[in-house]
Asks: 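Take a look at the following structure, please.
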Amino acid sequence: MKQSRMLIPTLRKAPSDAEALSHKMMVRAGYIYQVSAGLWAYLPLAQRVIDKIENLIRQEVNKAGGVETTMPGLLPADPWKKTRRFYTYGDNLFRLKDRRKRDMLLGPTHEETYTQIIRDTVKSYKKLPLLLYQIQDKFRDEDRPRYGLLRTKEFIMYDGYSFTIDRAGLDKEYDAQAKAYRAIFDKMGLNYKVIYADSGTIGGTGSQEFSAPAPIGEDTIVYTDGGYAANLEKATSKFTGKQQVAEEQELTKKATPGAHSVDEAAESLGLDASQIVKSMLYMASKDGEDKPEPVMVLMRGNDEVNETKVANEVDADDLRLASDDEIAKLLNGAHAGSLGPVGVGENVTILADNYVKVLVNMAMGANEDGYHYVNANIDRDFRVDKFGDFRNVQEGEIAPDGMPIKFTNGIEIGHIFKLGTLYSQILGAQVLNDQGRATDVVMGCYGIGVSRLLSAVVEQNADENGLVWPTSIAPFDIHVIPVNVKKDEQMSLATSITEELEKAGYDVLIDDRKERAGVKFADSDLIGIPLRVTVGKKASDGIVELKLRRTGETIEVKKEEIVNTVGILLKQAANDEQSKQSSNE
RNA sequence: CGGGAUUUAGCUCAGCUUGGUAGAGCGCUUCGUUCGGGACGAAGAGGUCGCACGUUCGAAUCGUGUAAUCCCGACCA
């Protein structure tokens, strides 16, 4: 491929509004062009990377029994109304009407559509299992698109859906997808972590999230060197609290003027935050029920409430902090900042973290602005309905695997999920089983953020000169650079080398532009093709220079040896990329 | 949803305080020299200063509104 026929608008400087490394680099290197906030054009180089990633996915998913399909991006709202997601999905769903005023939407995911197809076309368990997938644009009206391709309003996604007659079948499909995902990400040379999650609240019985550590990642990954990995929402640590031993003192109300936070109260009372109990008032509600139930959560002042754990405990679909009005109404006109469990009525469920259980003579808000209680004790002064783990783990604590916990940011690149029969029940996707009885089809759903993968890979593979693509998904394998295109011996050698390498099956880009060497080298580094072939002064002797982008390693070879040497170098580079990854997981 | 910032040439920015209808560097075009790590010289092209309304004889500049873009935060009582 001639570079003069490509559109590669490289820039000396990154646009001033780019923040993330991958965002800046991909714009500078001429891969992507921003059309609008959260909407990106993939220029020729990005398109080639995307094609390679997609083909890698196809390869591995097909191996796992997947078959490719394509759904419309524009969808009728009716099935989404049946599953209620038309109403519950929130503002991220693009809703629109067609000319007959029929409600439509732009698909953010396709559970309904695939379930509908299976419902109408598969009537017998003998036709199962099936794993249907597509690689296609998805639409989500993100509140805040950011970081280049990381969070956008339209993005490319692999989404697969498995249909089986029973749970055992689902487990097989799920495991096959997990295996395929690992193969895909391994081949891409990505560093990633697999996060296992227990059953979610909505009909699922298991999920794994694949997350690539990177500074701009929006997940907090809790992990250990022993292999433990979890979301902050799900992470647990060993309880290390010790029962405090002290004589119970008299409950006393103290003035703490102006103290609204734990730190302010701690200062005012001369106590450590860990001896202060903060009390958070939440409103918990379930789907389809209007009246939320108040839940008070007690926590050491230096801990953070984990709302997922609280929601699970009270079996709530929605959990939110109580509004000022609600607090005032339930707690005698008190305001946030001075809440506490003393004297709280039976209508409020009181949960307390395990670490509160071991405290004696604790301080807490008095439900009266400007006052805190000190020397409060459980049972004697206030009621606790249930103790449990309701806090976020902290770095350095001991994980369930016995190793110290570390935190890192991660980019969610893939997710697999055991859906169960939720959608098939609602949409009526049933087949006859071997007993001749109608049975709900058991589903799993699987997703990979394809366009987001570019960001993840670039975040992990770039240096100050530009991108450094892994060989498996680089837009080209080899960048041939005739240093001076006006010198016939250089140009003709470069051309013949390009043809030879292309014949050998490589993707080759030849820089046939009438640019000076410095410009070509700088652009080449920026673009990040794994191997560069420089055809320069020694062209007349039939000698060229090979240079690896990642290591900078350079060797001179005779033209007769190029194809052979290139093969060795690229294979070695691919091995290095994959071993780098496996040592990391 | 809350807060902050920005918007002038393809990119990075200056000019605005003290109104007089626009500049630099890079990039782009042409010619010449140069030619293995972002060359040099000469001559050019390119902008209704985000948009609207207002103030004024006159607005990139002052006022009001609006839009777009980016960043931060989203309740820890």
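So that the names make sense, note that chain A is the first sequence line, chain B the second, and so on, each numbered from 1. For the numbers below, each heavy atom of this structure counts, side chains included, while hydrogens, waters and symmetry mates do not.
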Asks: Heavy atoms under 4.0 Å, any strand shown: does A/G536 hit a base, just sugar-phosphate, or nothing?
Replies: base
Asks: With distance as the sole criterion, is a donor-acceptor pair present between the side chains of A/E233 and A/T308 under 3.5 Å?
Replies: no
Asks: B/rU12 and B/rG44: how far apart are their C1' atoms, nearest whole angstrom?
Replies: 22 Å
Asks: Classify every nucleotide of nucleotides 39-46 of chain B by which part a protein heavy atom approaches to under 4.0 Å, writing B for the base, S for the sugar-phosphate alone and - for neither, in 5'-to-3' order.
Replies: B-------
Asks: Does A/E218 come within less than 4.0 Å of A/R151, counting only side-chain N to carboxylate O?
Replies: yes
Asks: To the nearest Å, give me how far apart CD (A/E19) and C1' (B/rU6) are.
Replies: 13 Å
Asks: What's A/P15 touching, base or sugar-phosphate or nothing? Going by heavy atoms closer than 4.0 Å.
Replies: sugar-phosphate
Asks: Across the strands shown, which category fits A/A14 at heavy-atom distances under 4.0 angstrom: base, sugar-phosphate, nothing?
Replies: sugar-phosphate
Asks: Which whole number of Å gives the distance between the C1' atom of B/rU66 and that of B/rG41?
Replies: 48 Å
Asks: If you check every side-chain atom of A/D17, which of B/rC70, B/rG36, B/rU34 has the closest atom?
Replies: B/rC70
Asks: Please work out if A/R391 contacts a base, only the sugar-phosphate, or nothing of the nucleic acid, heavy-atom cut-off 4.0 Å.
Replies: nothing
Asks: Checking A/E19 against A/Y147: is there a side-chain donor and acceptor pair closer than 3.5 Å?
Replies: no
Asks: Return the nearest nucleotide to the side chain of A/Q34; candidates are B/rU12, B/rG38, B/rU69.
Replies: B/rU69
Asks: One thing to verify: whether A/E250 and A/R380 come together as a salt bridge, which I'm taking to mean a side-chain N less than 4.0 angstrom from a carboxylate O.
Replies: no
Asks: Give the nucleotide from the list B/rG36, B/rC70, B/rC11 with an atom nearest to the side chain of A/V483.
Replies: B/rG36
Asks: What integer number of Å spans the P atoms of B/rU61 and B/rC51?
Replies: 10 Å
Asks: Hey, does the side chain of A/Y33 come within less than 4.0 Å of B/rC11's phosphate (OP1/OP2), counting only N and O?
Replies: no
Asks: Rounded to the Å, how far apart are A/D141 CG and B/rC1 C1'?
Replies: 15 Å
Asks: With rounding to the closest Å, how many angstrom separate the P atoms on B/rC70 and B/rU8?
Replies: 14 Å
Asks: Is it true that the side chains of A/Q275 and A/Q244 contain a donor and an acceptor less than 3.5 Å apart?
Replies: yes
Asks: If you measure only the distance, is there a donor-acceptor pair under 3.5 Å linking the side chains of A/S274 and A/N302?
Replies: no
Asks: Across all strands, who's sitting opposite B/rG54 as a Watson-Crick or G-U wobble pair, both distances under 3.5 Å?
Replies: B/rC62
Asks: Please pick, from B/rG38, B/rG36, B/rC1, the nucleotide with the shortest atom-to-atom distance to any side-chain atom of A/D143.
Replies: B/rC1
Asks: When we call it a touch if two heavy atoms are under 4.0 Å apart, what does A/F390 touch: a base, just sugar-phosphate, or nothing?
Replies: nothing
Asks: What does B/rC49 pair with, Watson-Crick or G-U, if both distances are under 3.5 Å?
Replies: none
Asks: It should be established whether A/T534 places a side-chain nitrogen or oxygen under 4.0 Å from OP1 or OP2 of nucleotide B/rG36.
Replies: no
Asks: Take atom C1' in B/rA9 and the same atom in B/rG46, then report the distance between them in whole Å.
Replies: 6 Å
Asks: Name the nucleic acid region contacted by A/E545, choosing base, sugar-phosphate or nothing; use a 4.0 angstrom heavy-atom cut-off, strictly under.
Replies: base
Asks: So what does A/K487 touch, heavy atoms closer than 4.0 Å: a base, only the sugar-phosphate, or nothing?
Replies: nothing
Asks: Send over the distance from A/I216 CD1 to B/rC72 P, rounded to a whole Å.
Replies: 11 Å
Asks: When we call it a touch if two heavy atoms are under 4.0 Å apart, what does A/R144 touch: a base, just sugar-phosphate, or nothing?
Replies: base
Asks: Does B/rU18 have a Watson-Crick or wobble partner in any strand here, with both distances under 3.5 angstrom, and which is it?
Replies: none
Asks: Nearest to the side chain of A/R532, which nucleotide is it out of B/rC71, B/rC76, B/rG37?
Replies: B/rG37
Asks: After noting the C-alpha distance and the side-chain angles of A/N461 and A/W469, does the key distance pass the side chain to side chain contact (heavy atoms under 4.5 Å, CB included) rule?
Replies: CA-CA 7 Å; A/N461 296 277; A/W469 287 105; over 6 Å; no
Asks: Would you mind reading off the distance between A/K514 atom NZ and B/rU34 atom P, rounded to a whole angstrom?
Replies: 18 Å
Asks: Pairing check on B/rC11: which nucleotide meets the Watson-Crick or G-U wobble criteria with it, both distances under 3.5 Å?
Replies: B/rG25
Asks: Counting only Watson-Crick pairs (N1-N3 plus N6-O4 or O6-N4) and G-U wobbles (N1-O2, O6-N3), all under 3.5 Å, who is the partner of B/rU33?
Replies: B/rA39
Asks: In whole Å, what separates the C1' atom of B/rG32 from that of B/rG20?
Replies: 41 Å
Asks: Measuring from the side chain of A/A37 (C-beta onward, heavy atoms only), which nucleotide among B/rC11, B/rU69, B/rC1 has the closest atom?
Replies: B/rU69
Asks: Would you be so kind as to tabulate the donor-acceptor pairs closer than 3.5 Å made by side chains of residues 519-531 of chain A, with sequence neighbours excluded?
Replies:
{"unit_1": "A/K520", "atom_1": "NZ", "unit_2": "A/P482", "atom_2": "O", "d": "2.8"}
{"unit_1": "A/K520", "atom_1": "NZ", "unit_2": "A/D511", "atom_2": "O", "d": "3.0"}
{"unit_1": "A/K520", "atom_1": "NZ", "unit_2": "A/R513", "atom_2": "O", "d": "3.0"}
{"unit_1": "A/D523", "atom_1": "OD1", "unit_2": "A/T10", "atom_2": "OG1", "d": "3.1"}
{"unit_1": "A/D523", "atom_1": "OD2", "unit_2": "A/R513", "atom_2": "NH1", "d": "3.2"}
{"unit_1": "A/D523", "atom_1": "OD2", "unit_2": "A/R513", "atom_2": "NH2", "d": "3.1"}
{"unit_1": "A/S524", "atom_1": "OG", "unit_2": "A/H479", "atom_2": "ND1", "d": "2.9"}

Asks: Report the base-pairing partner of B/rA74 (Watson-Crick or G-U wobble, both distances below 3.5 angstrom), or none.
Replies: none
Asks: When we call it a touch if two heavy atoms are under 4.0 Å apart, what does A/S279 touch: a base, just sugar-phosphate, or nothing?
Replies: base
Asks: Heavy atoms only, 4.0 Å cut-off, all strands: where does A/R28 land among base, sugar-phosphate and nothing?
Replies: base
Asks: Measuring only the C1' atom in each nucleotide, how far is B/rG50 from B/rU69? A whole number of Å is fine.
Replies: 10 Å
Asks: Could you check how far CH2 of A/W40 sits from P of B/rU69, rounded to whole Å?
Replies: 11 Å
Asks: Any strand counts, and the cut-off is 3.5 Å on both contacts for Watson-Crick or G-U wobble. Which nucleotide pairs with B/rU69?
Replies: B/rA5
Asks: Measure from the side-chain heavy atoms of A/R146 and tell me the nearest of B/rC71, B/rU69, B/rU12.
Replies: B/rC71
Asks: How is A/K278 classified with respect to the nucleic acid when contacts are heavy atoms under 4.0 Å: base, sugar-phosphate, or nothing?
Replies: base
Asks: Give one of base, sugar-phosphate or nothing for A/I481, where a contact means two heavy atoms less than 4.0 Å apart.
Replies: nothing
Asks: Between A/D389 and A/R391, does any NZ, NE, NH1 or NH2 come within less than 4.0 Å of an OD or OE carboxylate oxygen?
Replies: no
Asks: Between B/rC28, B/rG36, B/rA74, which nucleotide has the shortest distance from any of its atoms to the side chain of A/E515?
Replies: B/rC28
Asks: Distance check needed: B/rG38 P versus A/I527 CD1, whole Å only.
Replies: 17 Å
Asks: So, is A/S36 close to the B/rA68 phosphate, meaning a side-chain N or O under 4.0 Å from OP1 or OP2?
Replies: no
Asks: Does the salt bridge (charged side-chain N to carboxylate O under 4.0 Å, His left out) test come out yes or no for A/D303 and A/R300, once each step is laid out?
Replies: CA-CA 5 Å; A/D303 280 331; A/R300 284 187 308 188; 3.0 Å; yes
Asks: For A/S22, does its backbone N or O pair with a side-chain atom of A/E459 as donor and acceptor, under 3.5 Å?
Replies: yes
Asks: Tell me what A/A522 touches on the nucleic acid: a base, only sugar-phosphate, or nothing, going by heavy atoms under 4.0 Å.
Replies: base
Asks: Given 3.5 Å as the limit, does a donor-acceptor pair link the side chain of A/N354 with the main chain of A/K357, or not?
Replies: no
Asks: When rounded to the nearest Å, what value does the distance between P atoms of B/rC13 and B/rG4 take?
Replies: 22 Å
Asks: Under 4.0 angstrom, heavy atoms only, what part of the nucleic acid is A/V262 near: base, sugar-phosphate, or nothing?
Replies: sugar-phosphate
